[in-house]
Amino acid sequence: MRRLALILGATSLLATAVMQAGSRTGQRQNNTPLSYTGQIMDSKCAGQGSHNQVMAKEEIRTAKDCALVCRKDASKFVLYSAEAKTAFNRDDQDTPRDYPGKK
C-alpha cells in the first residue's frame with residue numbers, strides 16, 4: 001500500500017511539472033520574450049477595427065490625427081493587431097504619442 005501511494009504521488013508531481021512547463025506564456029522555448037506586431041492606435045478605434053468611422057464623422061484625414069482626437073476623449077493608446085483582431089493595452093501612454101497610425 002505504501003509503495004502504491006509513493007507511485008501515485010510521484011506520478012502526480014510529474015504530471016503537474018509537465019503541465020506547468022507547457023503553459024508558459026509570454027516566452028518562446030529558447031526563453032526569449034515574444035514580440036507583437038501591429039499598429040499604434042486609440043482604444044476607441046481599435047474596438048471598431050479601424051479609424052474609418054471616426055475619421056468620416058469628424059472629417060479627419062490621417063490615422064495619427066484621429067488617434068490624437070480620440071485620445072482627448074479619454075481613449076488610451078493600444079497596439080492593435082489586425083491579423084488577430086486584438087488590441088493590447090500599453091502601460092506607457094507617453095511614448096506612442098509620436099507613433100499613432102504606424103506599425
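If you read the sequence from its start, that first residue is 1, and numbering goes on from there.
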- Note on the structure: What one should report as the nearest heavy-atom pair of G101 and A63 is CA-CB, 3.9 Å
- Message: For Q53, is the CD atom crowded, meaning more than 12 foreign heavy atoms sit under 6.0 Å from it?
- Response: no
- Item | Partner set under salt bridge (Lys or Arg N to Asp or Glu O under 4.0 Å) for D73, not counting sequence neighbours | none
- Query: What's the shortest heavy-atom distance between A67 and F77, and which atoms?
  - Reply: CB-CE2, 4.3 Å
- Cluster check V69, V54: I/L/V/M/F/W/Y, side chain < 4.5 angstrom: no
- Check for a donor-acceptor pair, side chain of S75 on one end and backbone N or O of D42 on the other, with a separation under 3.5 Å. no
- So do the side chains of Y36 and S81 get within less than 4.5 Å of each other, counting heavy atoms only? no
- Does S43 reach the main-chain N or O of K76 with its side chain, forming a donor-acceptor pair under 3.5 Å? yes
- Nearest heavy-atom pair of A84 and T86: which atoms, and what distance? O-OG1, 2.9 Å
- Item | Identified side-chain contact (heavy atoms from CB on, under 4.5 Å) partner of I40 from the options K102, K103, R90, R97 | R90
- Query: CD/Q48 to SG/C70 distance, rounded to the nearest 0.5 angstrom?
  - Reply: 8.0 Å
- Let me see the working for K64 and Y99 under side-chain contact (heavy atoms from CB on, under 4.5 Å), right down to the final yes or no. CA-CA 7 Å; K64 181 177 182 176; Y99 305 104; over 6 Å; no
- Message: Quick check on the hydrophobic clustering: are M55 and M41 connected, directly or via other members, by side-chain heavy-atom contacts under 4.5 Å?
- Response: no
- Item | Verify same cluster id: L79, L68 (apolar side-chain graph, 4.5 Å) | yes
- Query: Rounded to the nearest 0.5 Å, how far does NE2 of H51 lie from CD of E58?
  - Reply: 13.5 Å
